[in-house]
Visitor: 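My questions all concern the structure below.
Below, chains carry the letters A, B, ... as their sequence lines are ordered, and counting in each starts from 1.
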Amino acid sequence: MAASGGGGRAIRVLNVAEKPSVAKTVSGILSRNQGLRMREGRSRYNKIFEFNYTIQGQPCQMMFTSVTGHLMEMEFEGRYRKWHSCDPVDLFEAPIRKHVPEDKLDIRKTLEEEARKCQWLVLWLDCDREGENIAYEVVEVCLNVNSRLNIWRARFSSLIDREIHQAAQQLARPNQLFSEAVDVRQEIDLRIGASFTRFQTMLLKDAFDFNFSTDGRNLILSYGPCQFPTLGFVVERYWEIQAHEPEEFWKIQCSHTTDEGTANFNWMRGHLFDYTCAVLLYEMCVEEPTATVTKVKKQEKLKYPPHPLNTIELEKRASRYFRMSSEQTMKIAEDLYQSGFISYPRTETDSFSTRTDLHILVQEQQEHPVWGPYAQRLLDPSSGLWRNPSGGGHDDKAHPPIHPTKFSAGESRWSEDHKKLYELVVRHYLACVSQPAVGAETTVEIDIAGEMFSALGRTIVAKNYLEVYRFESWGGSLIPNYTFGQQFTPTSLTLESGITRPPPLLSESDLLDCMDKAGIGTDATMHDHIKKLTDRFYAIKEGSHFKPTNLGEALVMGYDDMGYELWKPYLRSMMEEDMKAVSIGNKRKDDVLATCLQQMKACFLDARVNKTKLFQALEIFFDRTNRTTGGDDQHNHAQQLVRKCDVCHDSDLVLRKKPDGKFMIGCSGYPQCRNVIWLPGSISEAVVTTTVCNICTPGPGFMIQFTFRRLEIPPNFNVHHLGCVGGCDDIMRQLIEMSGSGQRNTSSAPARGRGIAAPSRNDSRNNNTNNQQQQQATCSFCHQTGHNSSDCYSLTSQNRSARSQRVNSNNGDSPIPCPTCGSLCVLKTANTESNRGRKFYSCQTQGCKFFVCWEDSVPTTRGGGSGSATTTSRRGGRGGGGGGGQGGGDVRFVSATGDPVSGRSCFICGDPSHFANVCPNRGMRN
DNA sequence: GCAAGGTC
């Protein structure tokens, strides 16, 4: 700002902060606590501080008060606020207004009273987009009562003396673009949220018998651009788990024990899914069990302490360490903050400003009976324990990372959760300013009969931060000393089996991570979105993991079947990009609003036309009620007879109008008879006439006079149509097909499970024809019935390519390209007692685990007796989950058809009474 | 009775 000339009469300045605590702190800093007075405002939380200050030579009489976040809310005007006052689609254009809600009126009153007395208004809101928007809300209120106000913006990124004084001396103007970006978000959120929520709720709430208790609450099937993608994450993981098919795998384990300890060597192939391959390799190892050390690598490893704590990390860690919900964490953190024990808990920042005095914070903790001694050592330069914390690269420019602000050895009023959370904040802070843990790691690799194994030994040289951060550990294991070229005989060498496991349900920590990565919600709201899922009966929490309810799954399924990704995070990400463009002036507010709302309205209309998908999805889980219309429907017309029901031959098909204004024809014998004919969503009126169709049987079938909405049907169709729903009417049939509706299949309930992880438009779970075809199919690959080769269990993308390479280009002697890593696989011949002469391909690249048996020489284990080479090994499990957990289990001998083989003797000792996996001599052979 | 964002 320009200098205002010094020395004149003091001007009165109204200063407004985003929250009471900032008003208090900034007042303290600016006044240097000299002559600082406090008086009550109209709101009990928002006090007014008074002091004198000089801005660029201009004496100022400062009045410093605050708001509590947003002062205003956006809402629909008058008649659009009632749910049944309008068609939900009208909410995309309905007039909206920003207004001060009831519970903020007292704050407005304070602002008005103070603004009248002042010449300047200085806005001390947080320096982010929301803060700028709140600034304009304050401006609007103040200008209303004093249009001559000179308006300034103070920009500061932390509550540090120098920065606050600097902000006061370098006042600027508020940034309109930042504020407009928030206006865009608010309007889009409101219009999309309200329209879809009303649509879903009115469509489905009374149409199904939701078999869960709502605890007396009104059931609302809400939609929101943050809550739905959050639900999407939960459902997607659930589907991934359901789609998982366990697979058995095999691996060779080797251990070696000496006086110095035990080394457990892991097979560098990981595990193989093919039993024959695994046995073949295992036998080779057992035949020539001498291990040769091929590599010994010793190095120092550091384990670094975590970055300074921000909100998401606090929530994730409290969930992991204490199983505390993010909602509870924030509630407790807020309480600790309010009582002055920790810093502001809603922050994205994970690095400390260089101006923060980090030592003072440690000094305060020296007295603590448990971690006090550690704090003392930290402060002792001779300990060498101190380290300036590294930052995680996030900075909201408004708040520091969460850290302790006041010492406490535990307050009497604290709950267990208070104690845990305070301890986490303190220990985390102490860890941040500590040296990393130091370990000495030894990696040893050995070769047994050409197979590679590796073992890792670690000793912790210095625990450092791990001493105070008890929530983390660093496993260490001592292994014997090895030298390059050394040979030894393993103590045990076993072939073990396991099965792949699906990934777990999403934990709260996982969910926060998904949201954070996808930009769903803000650090201050993420826990609200998670809680909303349980409040709306969309998900339940099992321990610390989230599982979708039938309702949550059905809603996502419905939209997925429509082909919409409303439950995916992309919509929010696009909005976020647009907001950013508005805030930097690359896009205009009105353009973004118009484009986004136009797209969402088209999507809404389309969803409404395709609402049968939602019905079908919900029917998988819930019974229909006979309340096909909402009980509070003002537009409910009398039912009109169309014809006799052709399914139950007992009741009548009747025309009804539903609460959302749409028409349907259903059997009056519902729920005993569920025959229903869905009509196009483009109908605005429908009246059964007395005209009888003379084509359709059984008669009489009364024709219906339809009126369609012009914009929702193709131009070549007439808006008025006297139609028949008995099957003779091509126009009706075409319109129904266009809207994706049709008569529901009443013969059987759709299959409930879905075997997919990825979104599918055309999956066959509701398609009986597909299922029948599947059951009759014979796989051309494994020759088993019940599936086609495209779905063959034995056929992943990897072994598909292996197969085609084998068939197309190889006669069995020359190297083949490795389907896994692209390198070469060479043909080898086994030379063990039981497998002598058998040929197999093995990839030459170290670390690549591709391995395939050659069909002429080895029988297959899967896929029947065709002799096809299905014996391809595979790496890892599905879904990138690292192959899942590993179960124990016995080694079984299996035949080419997969049946256990009897009469086979142990290949280690030859005893027919047992198999090699339980052979007493299996550990070793001399 | 709807959203998400502030904050108490």
Visitor: B:dT7, OP1 or OP2 - any side-chain N/O from A:K104 closer than 4.0 Å?
Guide: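 No, outside the criterion.
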Visitor: According to the salt bridge (charged side-chain N to carboxylate O under 4.0 Å, His left out) rule, which pairs have a member within residues 63-74 of chain A, sequence neighbours left out?
Guide: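 Residue pairs passing salt bridge (charged side-chain N to carboxylate O under 4.0 Å, His left out), neighbours aside: none found.
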Visitor: Roughly, in whole Å, what's the span from CD1 in A:I530 to P in B:dA4?
Guide: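 Those two atoms, CD1 and P, are 13 Å apart.
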Visitor: Return the value, rounded to whole Å, for the distance between atom CG of A:L219 and atom C1' of B:dC2.
Guide: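 Going from CG in A:L219 over to C1' in B:dC2 covers 13 Å.
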Visitor: Kindly state whether the pair A:W83 / B:dG1 counts as stacked, where counting means centroids closer than 5.5 Å and planes tilted less than 30° apart.
Guide: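 Here A:W83 meets both the 5.5 Å and the 30° conditions.
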Visitor: Taking only side-chain nitrogens and oxygens of A:T201, does any of them come within less than 4.0 Å of OP1 or OP2 of B:dG1?
Guide: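 No.
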Visitor: May I ask you to evaluate whether A:Y344 reaches the phosphate of B:dT7, defined as a side-chain N or O under 4.0 Å from OP1 or OP2?
Guide: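 Indeed, a polar side-chain atom of A:Y344 lies that close.
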Visitor: Heavy-atom contacts under 4.0 Å between residues 182-194 of chain A and DNA chain B, which residues?
Guide: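 Heavy-atom contacts with DNA chain B come from A:R185, A:Q186, A:D189, A:L190, A:G193, A:A194.
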Visitor: Heavy atoms from C-beta onward define the side chain here; which of B:dG1, B:dT7, B:dG5 lies closest to that of A:I220?
Guide: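 Among the listed nucleotides, the one closest to the side chain of A:I220 is B:dG1.
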Visitor: What ring pair (Phe, Tyr, Trp, His ring centres under 6.0 Å) pairs are there with at least one residue in residues 576-595 of chain A, not counting sequence neighbours?
Guide: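 Those involving residues 576-595 of chain A do not exist here.
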Visitor: Got a sec, which pairs hit side-chain hydrogen bond (donor to acceptor under 3.5 Å, both in side chains) with one end in residues 13-24 of chain A, sequence neighbours left out?
Guide: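 Residue pairs passing side-chain hydrogen bond (donor to acceptor under 3.5 Å, both in side chains), neighbours aside: A:N15-A:W124, A:K19-A:D126, A:S21-A:Y337.
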Visitor: Could you check whether A:Y223 gets within reach of a base, just the sugar-phosphate, or nothing at all, counting any heavy atom under 4.0 Å?
Guide: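 Sugar-phosphate: the residue A:Y223, judged by heavy atoms under 4.0 Å, touches backbone atoms but no base.
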Visitor: Among residues at least two apart in sequence or on other chains, which ones pass side chain to side chain donor-acceptor pair (under 3.5 Å) with A:D90?
Guide: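 Applying side chain to side chain donor-acceptor pair (under 3.5 Å) to A:D90 gives none.
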Visitor: Rounded to whole angstroms, how far apart are CZ on A:F92 and C1' on B:dC2?
Guide: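 In whole Å, B:dC2 C1' lies 12 Å from A:F92 CZ.
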Visitor: For A:H403, give me all partners under ring-ring contact (aromatic ring centres under 6.0 Å, His included), at least two apart in sequence or on another chain.
Guide: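 A:H403: ring-ring contact (aromatic ring centres under 6.0 Å, His included) contacts with A:F352.
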Visitor: Do the two ring centres, one from A:Y223 and one from A:F196, sit under 6.0 Å apart?
Guide: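 Centroid distance A:Y223-A:F196: below 6.0 Å, so yes.
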Visitor: Rounded to whole Å, how long is the line connecting atom CE of A:M579 with atom P of B:dG6?
Guide: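 Spelled out: CE on A:M579 to P on B:dG6 is 10 Å.
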Visitor: At less than 4.0 Å, is any side-chain N or O atom of A:T522 found next to OP1 or OP2 of B:dA4? Yes or no.
Guide: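 Answer is no, no contact under 4.0 Å.
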Visitor: Just call it for A:R217: base, sugar-phosphate, or nothing, with non-hydrogen atoms closer than 4.0 Å on any strand.
Guide: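 Counting heavy atoms under 4.0 Å across all strands, no contact is made by A:R217.
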Visitor: Which of the following nucleotides, B:dA3, B:dT7, B:dG5, is nearest to the side chain of A:P225?
Guide: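 Closest nucleotide to the A:P225 side chain: B:dA3.
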Visitor: Validate the cation-pi geometry between A:K406 and A:F341: distance from NZ or CZ to the six-membered ring centre under 6.0 Å, angle to the ring axis within 45°.
Guide: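 Yes, A:K406 sits over the ring of A:F341.
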Visitor: Using a heavy-atom cut-off of 4.0 Å across all strands, would you classify A:E73 as base, sugar-phosphate, or nothing?
Guide: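 No contact.
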Visitor: Could you work out which one of B:dA3, B:dG5, B:dT7 sits closest to the side chain of A:R346?
Guide: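 For A:R346, the side-chain atoms sit closest to B:dT7.
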Visitor: Within this structure, what is the CG-to-P distance between A:L231 and B:dA4, rounded to whole angstrom?
Guide: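 Going from A:L231 (CG) to B:dA4 (P), I get 12 Å.
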Visitor: Counting only side-chain N and O atoms of A:R536, is one of them less than 4.0 Å from OP1 or OP2 of B:dA3?
Guide: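 The answer is yes; a side-chain N or O of A:R536 sits under 4.0 Å from OP1 or OP2.
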Visitor: Using atom CG of A:D126 as one end and atom P of B:dG5 as the other, report the distance to the nearest whole Å.
Guide: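 In whole Å, B:dG5 P and A:D126 CG are 15 Å from each other.
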Visitor: Taking any heavy-atom pair under 4.0 Å as a contact, classify A:K532: base, sugar-phosphate, or nothing.
Guide: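 If one applies the 4.0 Å heavy-atom cut-off, A:K532 turns out to touch the sugar-phosphate alone, with no base involved.
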Visitor: In terms of side-chain geometry, is the basic nitrogen of A:D606 or A:K601 positioned less than 4.0 Å from the acidic oxygen of its partner?
Guide: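 Between A:K601 and A:D606 there is no salt bridge, as every charged N stays at least 4.0 Å from the carboxylate O atoms.
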Visitor: Return the orientation label for the A:F212 and A:F622 ring planes: parallel under 30°, perpendicular over 60°, tilted otherwise.
Guide: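 Correct class here is perpendicular.
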Visitor: Starting from the 5' end of DNA chain B, give me the residue, A:S195 or A:K19, whose nearest nucleotide shows up first.
Guide: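 On the 5' side of the pair lies A:S195.
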Visitor: Checking all strands, does A:G131 fall into the base, sugar-phosphate, or nothing category for heavy-atom contacts under 4.0 angstrom?
Guide: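 Result for A:G131 = nothing.
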Visitor: Does B:dA3 have its OP1 or OP2 closer than 4.0 Å to a side-chain nitrogen or oxygen of A:Q227?
Guide: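 The answer is yes; a side-chain N or O of A:Q227 sits under 4.0 Å from OP1 or OP2.
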Visitor: To the nearest Å, how far apart are A:H84 NE2 and B:dC2 P?
Guide: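 About 13 Å, once rounded to whole Å.
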Visitor: Using whole Å, what does the distance between atom P of nucleotide B:dT7 and atom NE2 of A:H527 come to?
Guide: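 Going from A:H527 (NE2) to B:dT7 (P), I get 11 Å.
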